[in-house]
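Reviewing the structure listed below.
If you're wondering where the values come from, they're calculated on a predicted model, not measured in any experiment. By convention in this document, chain letters (A, B, ...) are assigned in the order of the sequence lines, proteins followed by strands, and residues within each chain are numbered from 1.
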Protein chains: 2
Amino acid sequence: MAGDKKISMAVIRRLPRYFRYLYDLIRLDIRRISSKELSERMDITASQIRQDLNCFGGFGQQGYGYNVQSLYDEIGRILGVERRFSCALFGAGNMGNALANYENFQNRGFDITVIFDSAADKVGTAIHGIPVLHVDGMESFLKSKHVDIAILTVPNRAMPDITARVVKAGVKGIWNFSPTDLKLGEGIVVENVHLSDSLMVLGYRLMEQLREDAARRK
Amino acid sequence: MAGDKKISMAVIRRLPRYFRYLYDLIRLDIRRISSKELSERMDITASQIRQDLNCFGGFGQQGYGYNVQSLYDEIGRILGVERRFSCALFGAGNMGNALANYENFQNRGFDITVIFDSAADKVGTAIHGIPVLHVDGMESFLKSKHVDIAILTVPNRAMPDITARVVKAGVKGIWNFSPTDLKLGEGIVVENVHLSDSLMVLGYRLMEQLREDAARRK
DNA sequence: TAGATTGTTAATCGATTAACAATC
DNA sequence: TAGATTGTTAATCGATTAACAATC
């Protein structure tokens, strides 16, 4: 049922993955798919797929399965790909550069409208056509342009100041690339991309794997 | 007990976070901490902290708590920060550039020893002192230099070819920045960084938040 | 010793999987 | 109609939280 009951984060985090797989199916010109077939492609159980989708509504048809295009559209709608968010990128370093140049965010409804930095040689330039302004002037820009999301790629030491200021200026979402964990009040949504954490987990799992390989060889 | 029973991924993914918080405590010159105090800082339950740590051994002391430095050392050891992995970076685009310039991976024991690309204007140059070689020659390099990890920042269309080749050349871990989900055999460890997925989840949660805000205002 | 806090077992909660009646 | 496959309920599994005896 498409009720209003709270959807669990576990389900939400799987939605973009469904979205990607369905897009692939469309490109392969596959028109319909059963939870069974999809489960084999995605390597999750058919049960989970049906449970997940039924959090949002009955998108399938008994005896038939799911129409690929309409399921894709539905999940896109749930993820809100048609709405647009205005984003400000903080930090014009290497990661900031990479994100500013990444076309894909546009397609997903995220417009990076400004980049803030404090380095004199960067302020006044543009990256991928996006103007780089001095961070001192963020408040008036964020408020007047109604920026929804701050993308943070600033050094750790700058984090407390920057986060406090963007939140005060009305930003509601933060995409955080710094290792700092943000402690913010209610009503601010934070999504972390902790690259070092991810790499360390890879390292742990790799060591574990190598230990297993060694044990098997014995 | 420091047994050999399989540690769950949920626990492993929390380890880098403990590691970061303990490092912060060291810098604050805090010598000991109880699970209660740490739980308040990290916003998780004290019970969970004690359960997590006890997967690996009894690091604390009744009536005292945990010694910050030695707990930091223990978790570092579990995460294997002292071992070194040899990494090859594929793709000298914006993301590749950002990763090549990121000092922090070195500190965590990951050495990027080579960058592979196919663009004539990039091959033969160096990024952050790391040589950019043509991707055609990857096999001999990967094998002779015993590369452990491939960091993939290549376009989607190049993924099937590149992954097949790095695995064949003996790479055991993949840090994947492309939206492609890798389907690999047993024994290859893959850690994904799906930036678009993360951003879409942020978008979903933000819409949800805005709906709640609107409901509250009524 | 008394107080504090761990290590660990038991209880609870939530997420995943299995089963099957409903229905296309 | 018969076969297929969903939507949904029930069972299982695993992770989190609570409780408390052990012990510093």
Side-chain angles (χ1 to χ4, degrees), chain A residues 1-18 21-22 25 30-75 78 201 204, chain B residues 1-18 21-22 25 30-75 78 201 204:
Chain A
M1 300 286 137
D4 277 357
K5 53 186 150 354
K6 188 82 173 176
I7 311 292
S8 83
M9 267 308 240
V11 175
I12 293 163
R13 294 206 176 280
R14 279 192 292 268
L15 292 179
R17 187 150 181 268
Y18 288 123
Y21 273 81
L22 289 164
L25 291 173
I30 294 172
R31 306 293 172 83
R32 78 182 174 105
I33 193 151
S34 68
S35 57
K36 175 119 190 305
E37 289 172 287
L38 191 56
S39 84
E40 280 155 13
R41 284 174 180 271
M42 295 185 67
D43 217 13
I44 51 178
T45 64
S47 236
Q48 180 160 76
I49 292 172
R50 295 204 299 279
Q51 286 278 23
D52 283 355
L53 299 180
N54 268 81
C55 291
F56 303 97
F59 300 143
Q61 196 168 93
Q62 281 97 333
Y64 172 88
Y66 299 87
N67 177 289
V68 173
Q69 181 68 54
S70 74
L71 186 56
Y72 175 79
D73 293 342
E74 287 288 359
I75 292 182
I78 293 163
V201 170
Y204 178 92
Chain B
M1 299 294 134
D4 277 0
K5 53 185 153 344
K6 189 83 173 174
I7 310 293
S8 82
M9 267 307 238
V11 175
I12 292 162
R13 293 204 176 282
R14 280 193 291 269
L15 293 180
R17 189 152 180 266
Y18 288 122
Y21 273 81
L22 288 164
L25 291 174
I30 294 172
R31 306 292 171 83
R32 77 181 174 110
I33 194 152
S34 67
S35 56
K36 174 118 190 302
E37 288 171 288
L38 190 56
S39 82
E40 279 154 15
R41 284 173 182 270
M42 295 186 66
D43 218 12
I44 52 178
T45 64
S47 237
Q48 180 160 76
I49 292 173
R50 294 203 299 277
Q51 286 278 24
D52 284 355
L53 298 180
N54 268 82
C55 292
F56 303 98
F59 300 144
Q61 195 169 93
Q62 281 99 330
Y64 173 89
Y66 299 86
N67 177 289
V68 173
Q69 182 68 54
S70 74
L71 186 55
Y72 175 79
D73 293 341
E74 287 288 358
I75 293 181
I78 293 163
V201 170
Y204 178 92

Quickly work out the [X] [atom1] to [N] [atom2] distance and round it to whole Å.
| X | N | atom1 | atom2 | answer |
| --- | --- | --- | --- | --- |
| A:Leu53 | D:dT5 | CG | P | 16 Å |
| A:Gln48 | C:dG14 | CD | C1' | 13 Å |
| B:Asp52 | C:dT8 | CG | P | 14 Å |
| B:Arg50 | D:dT23 | CZ | P | 16 Å |
| B:Phe56 | C:dT6 | CZ | P | 18 Å |
| A:Leu71 | D:dT5 | CG | C1' | 14 Å |
| A:Ile44 | C:dA18 | CD1 | C1' | 16 Å |
| A:Asn54 | D:dT5 | CG | C1' | 12 Å |

message: Does any part of the side chain of A:Phe59, heavy atoms only, come nearer than 4.5 Å to the side chain of A:Ser70, both counted from C-beta?
response: no
- prompt: Do A:Tyr18 and A:Leu71 come within less than 4.5 Å of each other through their side chains, counting heavy atoms only?
  reply: no
Nearest to the side chain of [X], heavy atoms from C-beta on, is which of [options]?
| X | options | result |
| --- | --- | --- |
| B:Gln62 | C:dT6, C:dA15, D:dT5 | C:dT6 |
| A:Ser35 | D:dA15, D:dT6, C:dT8 | D:dT6 |
| A:Ser34 | C:dT16, D:dT5, C:dT6 | D:dT5 |

task: Decide yes or no on side chain to side chain contact (heavy atoms under 4.5 Å, CB included) for A:Tyr72 and A:Leu25, but give the supporting numbers first.
output: CA-CA 10 Å; A:Tyr72 175 79; A:Leu25 291 173; over 6 Å; no
Go through the N and O atoms of the side chain of [X] and the base of [N], and report whether any donor-acceptor pair is under 3.5 Å.
| X | N | answer |
| --- | --- | --- |
| B:Ser47 | D:dA18 | yes |
| A:Gln51 | D:dT8 | no |
| A:Glu37 | D:dT5 | no |
| B:Gln61 | C:dT5 | no |

task: Identify whether any heavy atom of A:Arg14 sits under 4.0 Å from a base atom; if not, whether one sits that close to sugar-phosphate; answer base, sugar-phosphate or nothing.
output: sugar-phosphate
statement: If pairing means Watson-Crick or G-U wobble with both distances under 3.5 Å, then the partner of D:dC20 is C:dG7
- prompt: Within the structure, does a side-chain N or O atom of B:Tyr66 lie under 4.0 Å from either OP1 or OP2 of D:dC24?
  reply: no
- prompt: Mapping B:Ala46 and A:Tyr64 onto DNA chain C by nearest heavy atom, which one lands closer to the 5' end?
  reply: B:Ala46
task: Using the closest heavy atom to pick a nucleotide of DNA chain C for each, name whichever of B:Arg32 or A:Ser8 lands nearer the 5' end.
output: B:Arg32
message: Quick check against the 3.5 Å criterion: does B:Gln48 have a side-chain atom that pairs as donor or acceptor with the backbone of B:Thr45?
response: no
Carboxylate-amine/guanidinium contact A:Glu40 A:Lys36, below 4.0 Å: yes
